[in-house]
Amino acid sequence: MGGESPPRRIRADAERSTARILEAAEAVFAEDAAASLERIADAAGLARVTVHRRFASRTALLDALAEQLSQRYLLGLAEAQVETAPPLVALHRLTEIVFDLKLGHRFAVQLSAALTPAVLDGLDLLFARLRDAGAITAADPAWCRQVYLALLHEVYDLPTGSPTLTSAGAGGEVEAKVNLLVRTAVGALGGSSDAAGVSLDS
């Protein structure tokens with residue numbers, strides 16, 4: 001007989017419900033970080049008992065949001081080819097991916113738990129490769145990563161029309177922010193922003 005078996009169908013239904021809850025939680029928490037699980041249930045269009053069955057507490061839901069974003073960070077590191085691509089190209093591509101994630105996960109990106117050891121190791125590897133390639137001179141990859149993440153938040157929050165963005169070069173707002181972040185980070189870490197621009201465009 002065709003169709004899914006009952007256990008498989010139940011698992012699929014549970015996965016869909018979980019995805020709806022996480023999507024609703026991201027949207028609701030972005031507007032009100034103190035929102036209740038009941039409000040999340042209403043936004044997801046699910047019974048409140050369903051949300052409580054999937055996530056026993058608010059903490060459990062926050063942990064799930066952080067884990068989901070962590071997995072997407074790891075996919076981004078893989079897509080940017082931080083282990084094999086020319087390191088400046090990888091840095092530029094990773095920055096594009098992270099900005100996309102920040103747009104879609106305005107709440108979850110604030111959760112430090114999303115930056116798991118595996119994510120931090122991937123970033124540190126990229127900055128070690130940048131150092132070994134002579135693109136930067138800062139010796140400690142962990143320090144480089146901290147500088148990059150701090151600059152990332154500052155650049156992302158720049159208002160539309162900021163003179164700082166206008167000076168970052170042609171292109172749309174996101175492209176200007178990506179270029180500004182890469183050049184600023186490379187310069188702050190002892191590299192040449194001009195060299196970064198040449199490498200990225202080649």
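From a predicted model like this one, the values you see are computed outputs, not experimental measurements. Just so you know, these numbers use all the heavy atoms, side chains as well, and skip hydrogens, waters and symmetry mates.
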>> Side-chain heavy atoms nearer than 4.5 Å, only ILVMFWY residues, links allowed to pass through others: does that put L152 and L111 together?
In response: no

> Are C144 and I136 side-chain neighbours, meaning at least one heavy-atom pair lies under 4.5 Å?
Replying inline: yes

> Looking at A35 and F29, what are the two nearest heavy atoms and their distance?
Replying inline: O-CE2, 3.4 Å

> Is there a path from L75 to L65 through hydrophobic residues (I, L, V, M, F, W, Y) whose side chains come within less than 4.5 Å of each other?
Replying inline: no

> Should the pair R106-E31 be classified as a salt bridge under the 4.0 Å nitrogen-to-oxygen rule?
Replying inline: yes

>> Set out, in order, the CA-CA distance, both residues' side-chain angles and the distance that settles side-chain contact (heavy atoms from CB on, under 4.5 Å) for I97 and D100, then state yes or no.
In response: CA-CA 5 Å; I97 292 168; D100 283 342; 5.6 Å; no

>> Could you check whether H52 and E38, counting side-chain N and O atoms only, form a donor-acceptor pair closer than 3.5 Å?
In response: yes

>> Quick one, Q68 and E26 - any side-chain contact, counting heavy atoms below 4.5 Å?
In response: no

> Of all heavy-atom pairs between A43 and V28, which one has the smallest distance, and what is that distance?
Replying inline: CB-CG2, 3.6 Å

> Taking NZ, NE, NH1 and NH2 as the nitrogens, is one of them in E96 or R93 under 4.0 Å from a carboxylate oxygen of the other?
Replying inline: yes

> About how many Å separate OG of S57 and CG of D63, when rounded to the nearest 0.5 Å?
Replying inline: 7.5 Å

> Out of curiosity, L123 CG to Q146 CD, how far, rounded to the nearest 0.5 Å?
Replying inline: 11.0 Å

> Among side-chain atoms of S17 and T50, is any donor-acceptor pair under 3.5 angstrom?
Replying inline: no

> When rounded to the nearest 0.5 angstrom, what distance separates OG1 in T95 from OH in Y156?
Replying inline: 14.0 Å

>> If hydrophobic clusters are built from ILVMFWY residues whose side chains come within less than 4.5 Å, do V109 and L94 share one?
In response: yes

> Could you state the interatomic distance from CG (D42) to CZ (R48), rounded to the nearest 0.5 Å?
Replying inline: 4.5 Å

>> So E154 and L181, do their side chains get closer than 4.5 Å, heavy atoms only?
In response: no

> Hey, quick one: are Y73 and F99 part of the same hydrophobic cluster, counting side-chain heavy atoms closer than 4.5 Å, chains of contacts allowed?
Replying inline: yes

> Can you name the ring-ring contact (aromatic ring centres under 6.0 Å, His included) partners of Y148, sequence neighbours left out?
Replying inline: F127

> Does E83 CD have over 12 foreign heavy atoms under 6.0 Å away?
Replying inline: no

> Can you name the nearest heavy-atom pair linking A90 to A85, along with the distance?
Replying inline: CB-CB, 4.2 Å

> Should V82 and R129 count as side-chain neighbours, where that means a heavy-atom distance under 4.5 Å?
Replying inline: no

> Taking all atoms of both residues into account, what is the closest heavy-atom pair of F55 and A64, and its distance?
Replying inline: CE2-CB, 3.4 Å

>> For a quick test of reading the model, state the closest non-hydrogen atom pair linking A114 to L69 and the distance between them.
In response: CB-CD2, 3.9 Å

> Where is the tightest heavy-atom contact between D124 and A142, given as atom of each residue plus distance?
Replying inline: OD1-CA, 3.8 Å

> L125, L130: one ILVMFWY side-chain cluster at the under-4.5 Å cut-off?
Replying inline: no

>> As a test of understanding, state which of T18, L22, L46 forms a side chain to side chain contact (heavy atoms under 4.5 Å, CB included) with R54.
In response: T18

> Is there a side-chain contact between L74 and L77 (heavy atoms, below 4.5 Å)?
Replying inline: yes

> In Å and rounded to the nearest 0.5 Å, what is the NZ to CG distance from K177 to L158?
Replying inline: 6.0 Å

